[in-house]
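Read the structure below first, then the notes.
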Amino acid sequence: MTYKYFPHTDEDIRTMLDKCGLKSLEDLYQDIPQELFLHRDYELPSEMSEVEVRKMFKEIGEENAQLSCFIGAGVYDHYSPAVISAILSRSEFLTSYTPYQAEISQGTLQYIFEYQSMMAQLTGMEVSNASMYDGTTATAEAMMMAVANAKKRNKVLISDTVNPIVTRVVETYAKFHGVVIEHIAAEGGVTSKADFEAKVSQGDVAGVIVAAPNFYGIIEDYTGWADICHDNKTMFIMNCNASALGAIKSPGEWGADVAVGDGQSLGIPMNFGGPYVGFLCTSKKLIRKMPGRIVGATKDLDGKRTFVLTLQAREQHIRREKATSNICSNQSLMALYVTVYMSLMGNQGLKEVNALSYSNAHYLADRLVETGKFELAFPDKPFLHEFAVKYHGNIDELQKEMLSYGIQFGLKLDDETLLLCATETLNADEIDEAVCYCESIVNA
């Protein structure tokens, strides 16, 4: 055996390499640039006892800096009740896979059904799919829905106030599906309605993508936007902060056709970037254009309530040309996470989370402006828990010094603009301390 845990003999490997016209396994990677290879041995011990392994990982973990977080930009530091992790660690949840066999997957199917019900209520939409990988790919899938629904149109507009990371993913999907992406200009931190109307009125737009709140934390007014889209046979898509929907107007109330976003803000820890969960909710008339799957409630032969996969739109289950997406794994463990979170918080709990976040963010903004070194980038625009400020100094130096105090102080947007966030996990003392550090840095 060449490798201890590979079931192929040297003869097996030689036969496969000959078939491929290669001399060695290393030749399989010949197209990868050399600078991407690790030209040394892995820093791994040959063997360790369980006690030694635990100690090693504990020491590695202690190297991570524990920072106070004043940054959002799509990932938010919200409180997560301890009971959620306890529930998710149960073996029937933690080890479950895609629920193909309804007769042995009732628990998994039920919590997915509950997830769908809660997300539909939160977004004000009629149906929700059984979750997606993350908010960026969910938005890209909504873009593909718009094109599929429009049939002969392949242009989609996306606002410049949408998170740039989301936009880049949408553009990547578009490039390889023959979709044309055009941008709607931003004016004063919000989407230009004049530019939106001018581009939609050309009659060749399949869909429009906007954000709520937008990348700068601003709550935009989309009154009449859905009507303009529908008058031009264009789909209106909203990329949303899930937690914020507990306090602001829902996509359904705005008249949106599709609501997408990331469920991370519903209590999922930031966890170095994942795993998270994307949501996609829409109207009943678009249900067959929707990627993923839907779990429904019905009754069995004995009249008992039961759950089944009602709609599966993947090519594994239907003809390839009829499939709407290749989405398979439905991130159901993370869907369960936000389901437990929403059931614990309830409508009132989500309102309180947003009220505390609003209070903290506005208190932080006021304190920073009082220093005379900061000013709101968009002073006349409403924001919830995130906002942009202009800094009269060197942002790179400020952030570097703040890190030395254990504070991750915002996201640099350009040489003079910072995007800051404050959720319910912060308190007035922590905000005051951060502002004091700022003052000491700028006055040094």
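- In this structure, NZ on K55 lies 13.0 Å from CD1 on I60, to the nearest 0.5 angstrom.
- Between I294 and Q116 there is a side-chain heavy-atom pair separated by less than 4.5 Å.
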| Hey, mind stepping through C229 and D231 against side chain to side chain contact (heavy atoms under 4.5 Å, CB included) and telling me if it holds? | CA-CA 6 Å; C229 284; D231 288 345; over 6 Å; no
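- At distances below 3.5 Å, not a single donor-acceptor pair connects side-chain atoms of D262 with backbone N or O atoms of N241.
- Using a distance-only test at 3.5 Å, with no hydrogens or angles considered, a donor-acceptor pair links the side chain of Q399 to the main chain of G410.
- Remark: aromatic rings of H78 and Y341 are distant, center separation not under 6.0 Å.
- Inter-residue side-chain proximity for F215 and L413 is flagged as met; some heavy-atom pair is nearer than 4.5 Å.
- For S85 (side chain) and A82 (main-chain N/O), no donor-acceptor pair under 3.5 Å exists by modelled atom type.
- Under the 3.5 Å distance criterion, the side-chain polar atoms of S201 are matched with a main-chain donor or acceptor of E197.
- Between F196 and W225, the ring planes are parallel. Angles under 30° get that label, and only those over 60° would be called perpendicular.
- Here the straight-line distance linking atom OG1 of T136 with atom OH of Y276 works out to 11.5 Å at 0.5 Å rounding.
- Atom NZ of K249 has more than 12 neighbouring heavy atoms from other residues, nucleotides or ligands inside a 6.0 Å radius.
- More than 12 heavy atoms of other residues, nucleotides or ligands lie within 6.0 Å of CG in N427, so this atom counts as buried by the packing criterion.
- Not one N or O on the side chain of K199 forms a donor-acceptor pair closer than 3.5 Å with the backbone of A194.
- Under the 6.0 Å cut-off for aromatic ring centres, Y216 and F378 qualify, their centroids lying closer than that.
- Minimum interatomic distance between P379 and L376 (heavy atoms only, all atoms of both residues): CD-O, 3.5 Å.
- Between R367 and E370 a salt bridge is recorded (basic side-chain N to carboxylate O distance below 4.0 Å).
- With respect to the salt-bridge test (charged N to carboxylate O, under 4.0 angstrom), the residues R54 and E50 qualify.
- Judged purely by distance below 3.5 Å, without hydrogens or angles, the side chains of Y111 and S332 pair a donor atom with an acceptor atom.
- Atom CZ of F57 is surrounded by 12 or fewer heavy atoms from other residues, nucleotides or ligands within 6.0 Å.
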| field | Audit row: D414, E416, side chain to side chain contact (heavy atoms under 4.5 Å, CB included) steps and yes/no | value | CA-CA 6 Å; D414 56 46; E416 61 177 12; 3.4 Å; yes
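- Under a 4.0 Å N-O distance rule, the pair K400/D396 does not qualify as a salt bridge.
- Counting heavy atoms from C-beta on, the side chains of E401 and N394 never come closer than 4.5 Å.
- Between the side chain of T282 and the main chain of D257, a donor-acceptor pair closer than 3.5 Å is present.
- In this structure, the side chains of V389 and T417 stay at 4.5 Å or more apart for every pair of heavy atoms.
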| Criterion side chain to side chain contact (heavy atoms under 4.5 Å, CB included) on I209 and L157, from CA distance to verdict | CA-CA 6 Å; I209 304 174; L157 307 180; over 6 Å; no
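- Ion pair K299/D302 not flagged as a salt bridge, since none of the NZ, NE, NH1 or NH2 atoms sits closer than 4.0 Å to an Asp/Glu carboxylate oxygen.
- Between N214 and S159 the shortest side-chain heavy-atom distance does not fall below 4.5 Å.
- Between L411 atom CG and L420 atom CG the span is 9.0 Å, to the nearest 0.5 Å.
- Between H385 and Y76, the ring planes are perpendicular. Angles over 60° get that label, and only those under 30° would be called parallel.
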| I268 and V277: side chain to side chain contact (heavy atoms under 4.5 Å, CB included), yes or no, with the steps? | CA-CA 9 Å; I268 296 179; V277 59; 3.8 Å; yes
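- For the pair N354 (side chain) and S357 (backbone), a donor-acceptor distance under 3.5 Å is absent.
- With rounding to the nearest 0.5 Å, the separation of OG1 in T139 from CE in M144 is 13.5 Å.
- Counting heavy atoms of neighbouring residues, nucleotides and ligands inside a 6.0 Å radius, atom CG of L301 does not exceed 12 of them.
- The closest side-chain donor-acceptor pair between E114 and S117, if any, does not fall under 3.5 angstrom.
- More than 12 non-hydrogen atoms from other residues, nucleotides or ligands lie less than 6.0 angstrom from CD of E35.
- A donor-acceptor pair under 3.5 Å links the side-chain atoms of Q106 to the main chain of F307, judged by distance alone.
- Note that CZ of F70 is 4.5 Å distant from CG of L426, once rounded to the nearest 0.5 Å.
- Between E375 and K390 there is no salt bridge, since none of the side-chain N atoms of the basic residue sits less than 4.0 Å from a carboxylate O of the acidic one.
- Contact annotation: the side chain of I228 never approaches that of F236 to less than 4.5 Å [non-hydrogen atoms, C-beta and beyond].
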| message | Set out, in order, the CA-CA distance, both residues' side-chain angles and the distance that settles salt bridge (Lys or Arg N to Asp or Glu O under 4.0 Å) for E62 and K58, then state yes or no. | response | CA-CA 6 Å; E62 289 173 349; K58 182 175 182 294; 2.6 Å; yes
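- Aromatic ring centres of Y437 and F409 lie farther apart than the 6.0 Å criterion allows.
- Between the E430 side chain and the S68 main chain, no donor and acceptor come within less than 3.5 Å of each other.
- A 4.5 Å side-chain heavy-atom check between D160 and T167 finds every atom pair outside the cut-off.
- The side-chain contact (heavy atoms from CB on, under 4.5 Å) with Q202 is formed by just one residue from the set D204, V200, V205; it is D204.
- Summarising the geometry, atom CG belonging to L38 is positioned 11.0 Å from atom CG belonging to L36; distances are rounded to the nearest 0.5 Å.
- Judged by distance alone, the side chain of T191 and the main-chain N or O of A186 form no donor-acceptor pair under 3.5 Å.
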| request: Let me see the working for D221 and T223 under side-chain hydrogen bond (donor to acceptor under 3.5 Å, both in side chains), right down to the final yes or no. | output: CA-CA 6 Å; D221 182 1; T223 302; 2.5 Å; yes
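- Between F383 and H362, the ring planes lie parallel to each other; the angle is under 30°, not in the 30° to 60° tilted range.
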